[in-house]
Every structure is written in structure tokens, then in C-alpha cells.
Amino acid sequence: MKIGEVIRKYRKTKELTQEEMASRLGVTAPAVNKWENGNTMPDITLLAPIARLLEVSLDELLSFREELTAEEIRKLVQEADRRFSAQFYEDVFKWAKEQIQQYPNCEELIYSLALELDGQRLIQEIPENEKYDAFILSCYERLLKSNDEAIRTAAADSLYGFYLRKEQYEKAQDYLAFFSKQNPERKRKQAVLYEKAGNLEKACRTYEEILLADYQILSAVFNSLFIMQLQDKNLQKAEYYAEKKKALARLFEMGAYDVYAADLELVQAQQDREKTLSCVQGMLNNIDSIYDFSHAPLYSHMVFKSADPTFIKTVRNNILDHLCTDEGFSYMKNDPRWKELTENV
């Protein structure tokens with residue numbers, strides 16, 4: 001609340017008339033009336049007497065707050081949305097600027113209102129749109145110094161988006177430095193800049209690098225889900241995740257080996273001889289496909305090292321050793337086809 005509203009609130013709480021308050025402070029009743037209506041402000045020398053008379057702290061009288069709560073920030077953003085639906089952009093801009101000036105250290109509020117002001121310009125046709133740039137950009141820029149990484153990244157993202165829309169690609173590039181190198185969005189945004197700048201070769205290669213990295217992450221996630229279901233002895237759900245792993249390998253063009261390998265632990269848990277034979281045979285017959293992704297169309301702009309025959313041979317030997325020594329495959333040992341498969345391949 002503004003100081004006039006605070007004075008009115010606590011004057012009424014104390015059951016004082018404007019005339020009584022004026023008399024005790026040594027001012028006129030019209031002066032009190034002007035304070036409460038926001039037409040004038042009390043003289044600074046009167047602030048302490050007013051606070052003592054109304055039995056409030058100076059902080060309360062001045063509506064001073066160190067910080068806003070998350071709920072208060074949410075309500076102010078909702079108020080901005082409401083105002084945008086009922087008022088001209090210029091009026092909401094002034095209101096939002098006042099809120100930011102009242103809470104100059106509340107980074108979440110600054111970012112949220114700046115984002116609202118920025119976003120509305122993309123939705124509405126605002127006259128003289130660019131005259132608001134300086135203030136909105138200054139809000140983002142100051143947040144780049146935040147101690148909160150999430151705030152810094154969000155502000156950098158907004159600045160990147162602004163200059164990308166303006167086709168100022170070198171300026172947009174500057175703000176990628178505020179993204180952590182571990183942030184996957186940094187690389188995707190870099191690819192967008194390559195694309196916009198007409199460097200399609202680099203753009204394609206960067207997008208392909210993202211795809212390959214994402215495959216490794218997604219495959220690991222599905223495998224963890226799969227293993228948990230095996231440990232829980234929920235074979236139906238484990239089979240569901242195994243199918244997802246196989247579909248993922250096909251989608252990302254990983255080669256036949258990865259497709260067959262996705263089933264190995266499942267068929268072992270099921271102790272299904274026919275499925276086990278089919279799975280292992282498929283893996284051993286397709287070990288060479290481990291490098292298939294390196295010449296798949298999906299990664300045609302990437303450069304890979306040549307296939308290492310030694311590595312492939314090592315993988316084959318490790319698989320055979322695992323099949324022969326793992327007691328989990330004991331259900332296969334009396335099957336002559338298993339012996340032939342594991343000893344003569």
C-alpha cells in the first residue's frame with residue numbers, strides 16, 4: 001500500500017477522525033485528507049510522529065518490505081495479466097515499472113514482469129513498440145548478475161530470444177555464454193544461430209550431435225526403468241520397457257546389435273529357451289553393426305573414427321564369456337544348440 005492508504009487504514013483502526021489526527025500532529029485536517037488521497041506526502045519530519053501516533057513502525061508506515069513471497073509475486077503477475085486484458089499497454093507498462101521500482105531487489109518479480117511486458121508485445125500490436133525496449137532489456141541485463149543460476153539463465157534466454165527475433169545473431173551469440181556448458185539448451189540454441197546465419201552444415205552437425213547424445217541419455221533412462229522392473233519381478237512391465245529400448249535403437253539408427261541386446265536380460269529372466277537362442281544369435285550375428293550409426297543417414301554430417309576390428313572382437317569375446325559363465329543362463333546348458341552357439345561362433 002502507499003503511505004496515504006496506510007495512514008487511512010491505521011487512523012480508522014485507532015478510531016481517529018482526520019481532524020483529531022491533524023490536531024495531535026499540529027497540521028490541518030485538509031493536509032491529512034491530501035495524504036490519504038495521495039495528493040501530497042507528509043513532510044519527512046512528520047513520519048516518526050505519525051508512526052508513533054498510529055502505533056506502527058516506520059517500515060509499516062512506508063510499506064517497506066525486504067522481499068516478496070512467492071504467492072505475492074504470483075498475485076502481481078496475475079494482476080498484470082488482468083490489466084493487459086482491460087487496459088492499454090502503455091498503462092500496464094507504467095504500472096509494472098512502478099512495481100519493479102518498489103521492489104528493486106526482487107529478482108523473481110523483475111523477471112516475471114519484464115517477461116510479461118516482453119511477451120505481450122509479441123501478442124498485441126503495440127504502437128511505437130521499440131520505445132519499451134530499453135527498460136525491458138535493462139531488467140534482463142541486471143538479472144545477468146544474479147547469484148541465482150536459474151535467474152541468470154532465464155534472463156540470458158530472454159535476451160537471446162530478443163536479439164534472435166531482431167536478426168542480430170552476433171548479439172544473440174553473446175548470451176549463450178551465460179548458459180552452463182552442461183545445459184543441453186546451449187547447444188540447441190547454438191544450432192539455431194548457425195541455421196539462422198545460413199551455416200547449414202554446422203547447424204545440421206550440431207543438431208545431429210544433440211540427437212546422438214540424447215539417445216545415450218534416453219537409452220540409459222529406459223534401461224534403468226527396465227532393470228527396476230526386473231528387480232521387482234514385474235516381467236510384463238520389464239518387457240514393455242525392453243520394447244521401448246528396441247524402438248529407440250531403431251529410431252536413432254543404432255544398428256541391429258542394439259535392438260537384439262535390449263532383450264538379453266529379459267529373456268534370461270523369463271528363462272525362455274527359444275527367445276534366448278534367438279536373442280543371442282541375433283547379437284552375435286550383428287556385432288559388426290555396433291558401428292552402424294556412424295554411417296547412418298541420421299548422422300550424415302558428423303565425422304566418426306573408423307570401426308575398430310579389435311574392439312568388435314573384444315565385444316564378441318566378452319559376450320561369449322558372459323554367456324558361458326553367468327549362472328543366470330544355467331537353464332540353457334543342456335540345450336545342444338546353446339553349446340554349439342557359444343562354443344563354435
Side-chain angles (χ1 to χ4, degrees), residues 180-188 191 205-300 302 304-305 307-333 338 341-342 345:
S180 164
K181 290 183 179 180
Q182 286 70 44
N183 188 331
E185 272 296 278
R186 176 171 176 161
K187 197 161 193 173
R188 188 191 67 80
R205 183 167 64 250
T206 306
Y207 281 130
E208 290 170 10
E209 289 170 355
I210 294 170
L211 286 176
L212 192 56
D214 283 353
Y215 168 75
Q216 294 165 347
I217 294 171
L218 291 171
S219 182
V221 169
F222 276 123
N223 192 60
S224 294
L225 291 167
F226 167 75
I227 294 298
M228 285 192 291
Q229 297 307 318
L230 282 184
Q231 293 171 342
D232 199 36
K233 301 189 185 306
N234 187 341
L235 296 186
Q236 183 178 2
K237 197 64 178 288
E239 185 171 5
Y240 170 81
Y241 285 121
E243 289 299 322
K244 293 297 182 186
K245 287 200 295 178
K246 289 190 287 186
L248 194 69
R250 293 189 187 100
L251 177 64
F252 284 81
E253 301 183 15
M254 286 295 112
Y257 174 84
D258 278 39
V259 176
Y260 282 106
D263 268 340
L264 184 61
E265 289 173 285
L266 176 65
V267 297
Q268 182 183 28
Q270 293 171 329
Q271 296 196 1
D272 186 312
R273 290 188 178 186
E274 297 303 322
K275 286 184 178 179
T276 301
L277 285 167
S278 175
C279 176
V280 172
Q281 184 73 68
M283 289 173 61
L284 294 172
N285 288 347
N286 290 282
I287 286 182
D288 290 346
S289 75
I290 286 176
Y291 284 103
D292 273 9
F293 69 89
S294 64
H295 50 80
L298 193 58
Y299 311 107
S300 60
M302 295 178 66
F304 299 95
K305 293 181 180 179
D308 183 354
T310 304
F311 174 72
I312 293 175
K313 184 177 180 180
T314 300
V315 172
R316 180 186 294 273
N317 291 337
N318 287 342
I319 292 172
L320 291 173
D321 183 62
H322 175 65
L323 297 175
C324 293
T325 59
D326 188 346
E327 288 300 316
F329 290 106
S330 59
Y331 64 97
M332 296 297 297
K333 287 184 178 178
W338 180 256
L341 184 63
T342 57
V345 172

| said: Between Y241 and L266, is there a side-chain heavy-atom distance shorter than 4.5 Å? | reply: no
| query | Between atom CG of D321 and atom OG1 of T342, what is the distance when rounded to the nearest 0.5 Å? | reply | 11.0 Å
| request: Measure the CG-CE distance between L277 and M332 for me, rounded to the nearest 0.5 Å. | output: 3.5 Å
| field | Whether Y299 and F293 hold their rings parallel, tilted or perpendicular, with breakpoints at 30° and 60° | value | perpendicular
| field | Gap between atom CD1 of I290 and atom CG of D288 - 0.5 Å precision | value | 8.0 Å
| Side-chain heavy atoms of L284 within contact of Y260, under 4.5 Å | no
| query | Q270 and V267: side-chain contact (heavy atoms from CB on, under 4.5 Å), yes or no, with the steps? | reply | CA-CA 5 Å; Q270 293 171 329; V267 297; 4.2 Å; yes
| message | In the structure I gave you, are the side-chain heavy atoms of I319 and Y257 within less than 4.5 Å of one another anywhere? | response | yes
| field | Other residues, nucleotides, ligands: >12 heavy atoms within 6.0 Å of F226 CZ | value | yes
| message | On a heavy-atom basis, which atom in L320 and which in L341 lie closest, and how many Å separate them? | response | CD2-O, 4.4 Å
| message | Can you tell me if Y240 has over 12 outside heavy atoms packed within less than 6.0 Å of its OH? | response | no
| query | Heavy-atom count around K333 NZ within 6.0 Å, excluding the residue itself: above 12? | reply | yes
| Pair F329 + H322: ring centers closer than 6.0 Å | yes
| task | Test Y291 against F304 for side-chain contact (heavy atoms from CB on, under 4.5 Å), laying out the working first. | result | CA-CA 9 Å; Y291 284 103; F304 299 95; over 6 Å; no
| query | Given side chains that start at C-beta, do those of L230 and L235 come closer than 4.5 Å, heavy atoms only? | reply | yes
| task | Look only at the side chain of N286 and the backbone of S289, and say whether a donor-acceptor pair between them is shorter than 3.5 Å. | result | no
| query | Just how far is it from atom NZ of K181 to atom CZ of R186, taken to the nearest 0.5 Å? | reply | 6.0 Å
| In this structure, which one of Q281, K275, M283 forms a side chain to side chain contact (heavy atoms under 4.5 Å, CB included) with C279? | M283
| Counting N and O atoms only, with roles assigned by atom type, does the side chain of S278 sit under 3.5 Å from a partner on the main chain of E274, one being a donor and the other an acceptor? | no
| query | Does NZ belonging to K244 count more than 12 external heavy atoms closer than 6.0 Å? | reply | no
| message | A side-chain contact here means heavy atoms from C-beta on lying under 4.5 Å apart; do S300 and E208 qualify? | response | yes
| task | State, with a plain yes or no, whether a side-chain heavy atom of Y331 is found less than 4.5 Å away from one of Q268. | result | yes
| task | Tell me, with the steps shown, if D292 and E253 meet side-chain contact (heavy atoms from CB on, under 4.5 Å). | result | CA-CA 7 Å; D292 273 9; E253 301 183 15; over 6 Å; no
| Between E185 and R188, is the closest basic N to carboxylate O distance under 4.0 Å? | yes
| said: Return the CD1 to CG distance between I312 and N317, rounded to the nearest 0.5 Å. | reply: 12.0 Å
| said: I'd like to check M228 versus N234 (side-chain heavy atoms, cut-off strictly below 4.5 Å). Are they in contact? | reply: no
| task | Kindly compute the distance separating CG (L211) from CD (Q216), expressed to the nearest 0.5 Å. | result | 11.5 Å
